Protein chains: 2
Amino acid sequence: MPASAARKHDVFQALADPTRRSMIRLLADGEMPVTAISGHYPISRTAVSKHLRVLAEAGLVKERKIGRETRYRLEPDPLLELKRWLSYFDRYWDNKLSALKRMVEAGGEDGEDGWGPAEWRKPKKDA
Amino acid sequence: MPASAARKHDVFQALADPTRRSMIRLLADGEMPVTAISGHYPISRTAVSKHLRVLAEAGLVKERKIGRETRYRLEPDPLLELKRWLSYFDRYWDNKLSALKRMVEAGGEDGEDGWGPAEWRKPKKDA
DNA sequence: TTGACATGAAACCCAAAGGTTTCGTAAAAT
DNA sequence: ATTTTACGAAACCTTTGGGTTTCATGTCAA
């Protein structure tokens, strides 16, 4: 329910920008108001604000108004999605368990992330 | 070293696109020529080709020419970079020590006068 | 040799992304 | 009451991104 809210931006896209990546690291140390965050970057405060909004839309940060300031804090949950996606490739690094793992995965896990519409999945009729 | 080849695109950026994400999953099942890959997507073969190049520049795939066709195969190494980056946040869901850490962080942060952390320094001159 | 197949390169389009500046407004501070 | 401070919204600009179509080239098949 709460975690899987309709996110306008997906986490992959949100993390594509280095500044944004840096920001969530910054926020990993705690809540911070916009101006303070802005102090860490060579871009305008407004630009920082926009980045924060993208992060918020991806569910990676959450804001909270305190008087005239808006504090942002990290919301790490969406990163799990990334982790999960990544785990698909685990077989490449940690073999050992990979055989078993693959069997388990074969049992119906069908991540819907970047798979795109099912139409794309048509069997290859090509050569 | 091979792994750290000069990558024009970083892995985060490469994975930002859902089609590209899908592609490397496709290739996880084995080497494949462009036209075959192309058969899985509703876009032109040329577009697919471009995506493949982005992936290649990020080091995520490698190409190999066989006669008149070019086969692409997954090169999962760069994903480790992602994994490593992600591990920075392990403390959030991988509790134990994090509980302590959070208590420390949370110490006295309730009152709104808590302009604590020195990291919040200098407000940069607003535009 | 002639022709069909596989693929990359080029030129072009349009929408989205990242920035900036300017302005408005609400909450401190004085 | 007036001025600062903190911030978002809007309008605007320029670059990048994903897509397409057309063209050129190398390779396999007849």
Side-chain angles (χ1 to χ4, degrees), chain A residues 8-24 27 31-58 61-73 114 116-117 120 124-127, chain B residues 8-24 27 31-58 60-73 111-115 120-127:
Chain A
K8 196 193 163 205
H9 279 87
D10 68 275
V11 67
F12 290 92
Q13 192 185 328
L15 296 180
D17 186 279
T19 301
R20 253 149 16 214
R21 257 171 283 155
S22 166
M23 280 178 180
I24 76 170
L27 293 177
E31 204 176 42
M32 222 181 276
V34 178
T35 306
I37 298 170
S38 174
H40 289 69
Y41 303 93
I43 61 181
S44 75
R45 196 215 68 238
T46 307
V48 168
S49 212
K50 284 210 240 171
H51 279 304
L52 286 169
R53 193 142 56 73
V54 171
L55 288 172
E57 282 165 352
V61 301
K62 222 183 136 197
E63 59 177 82
R64 161 192 172 216
K65 300 201 106 189
I66 304 263
R68 64 180 156 181
E69 69 183 21
T70 307
R71 297 196 189 162
Y72 284 86
R73 74 165 172 287
W120 296 11
K124 53 178 176 183
K125 51 162 284 186
D126 187 82
Chain B
K8 197 192 161 207
H9 281 86
D10 68 275
V11 67
F12 290 92
Q13 192 184 329
L15 295 180
D17 186 279
T19 300
R20 268 175 330 242
R21 257 172 283 156
S22 167
M23 280 177 180
I24 77 171
L27 293 178
E31 207 176 39
M32 220 181 277
V34 178
T35 306
I37 298 170
S38 174
H40 289 67
Y41 304 93
I43 60 182
S44 76
R45 190 201 33 98
T46 308
V48 167
S49 212
K50 284 210 241 169
H51 278 306
L52 287 169
R53 193 144 55 74
V54 171
L55 289 172
E57 280 166 352
L60 283 164
V61 301
K62 222 182 136 197
E63 57 177 84
R64 162 194 171 213
K65 301 201 107 189
I66 305 262
R68 64 180 157 183
E69 67 184 21
T70 307
R71 299 203 188 154
Y72 284 85
R73 72 164 174 287
E112 49 251 57
D113 82 9
W115 262 77
W120 290 13
R121 40 181 227 218
K122 59 140 183 191
K124 210 180 65 174
K125 171 92 172 112
D126 184 41

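Chain identifiers are assigned alphabetically (A, B, ...) following the order of the sequence lines, protein sequences preceding nucleic acid strands; residue numbering begins at 1 within each chain. Computed over heavy atoms, backbone and side chain alike; hydrogens, waters and symmetry mates excluded. Everything numeric in this text was worked out from a predicted model, so none of it was measured.
- In this structure, A:Glu69 places its CD atom 11 Å from C1' of C:dA27, rounding to the nearest Å.
- Under the 4.5 Å side-chain criterion, counting only non-hydrogen atoms from C-beta, A:Val48 is in contact with A:Met23.
- Side-chain nitrogen and oxygen atoms of B:Tyr72 include at least one within less than 4.0 Å of the OP1 or OP2 phosphate oxygen of C:dG8.
- The closest side-chain heavy-atom distance from A:Leu15 to B:Leu15 is not below 4.5 Å.
- The nearest whole Å value for the distance from the CE atom in A:Met32 to the P atom in D:dC7 is 12 Å.
- Scanning both residues, A:Met32 and A:Ala36, for their nearest heavy atoms gives CG-CB, 3.8 Å.
- With hydrogens and angles disregarded, a donor-acceptor distance shorter than 3.5 Å links the side chain of A:Arg21 to the backbone of A:Ala16.
- When each of D:dC7, C:dT21, C:dT7 is scored by its nearest atom to the side-chain atoms of B:Thr70, the top-ranked nucleotide is C:dT7.
- The separation between A:Leu55 atom CG and D:dG8 atom C1' is 16 Å, rounded to whole Å.
- Inter-residue side-chain proximity for A:Thr35 and A:Glu69 is flagged as unmet; no heavy-atom pair is nearer than 4.5 Å.
- Each of D:dA9, C:dT7, D:dT22 was ranked by its minimum atom distance to the side chain of A:Arg53; first place goes to D:dA9.
- Non-hydrogen atoms lying under 4.0 Å from DNA chain C are contributed by B:Arg68, all within residues 61-68 of chain B.
- Remark: side-chain polar atoms of B:Arg20 are paired, donor with acceptor, to backbone N or O of B:Ala14 under 3.5 angstrom.
- Side-chain proximity of A:Thr46 to the nucleotides D:dA6, D:dA10, C:dG8 is greatest for D:dA10.
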Handout entry: Under 4.0 Å protein heavy-atom contacts per nucleotide of nucleotides 14-19 of chain C, with B for base, S for backbone only and - for none
Key = ---SSB
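- With B:His9 as reference, B:Val54 is the one residue of B:Leu60, B:Val54, B:Leu55 to meet the side chain to side chain contact (heavy atoms under 4.5 Å, CB included) rule.
- Counting to the nearest Å, the C1' atom of D:dT16 and the CG atom of B:Asp10 are 14 Å from each other.
- Rounded to a whole Å, the OH atom of B:Tyr41 is 15 Å from the C1' atom of D:dG18.
- With hydrogens and angles disregarded, no donor-acceptor distance shorter than 3.5 Å links the side chain of B:Tyr72 to the backbone of B:Ala56.
- Considering CG of B:Leu52 and CG of B:Leu27, their distance stands at 7.0 Å, rounded to 0.5 Å.
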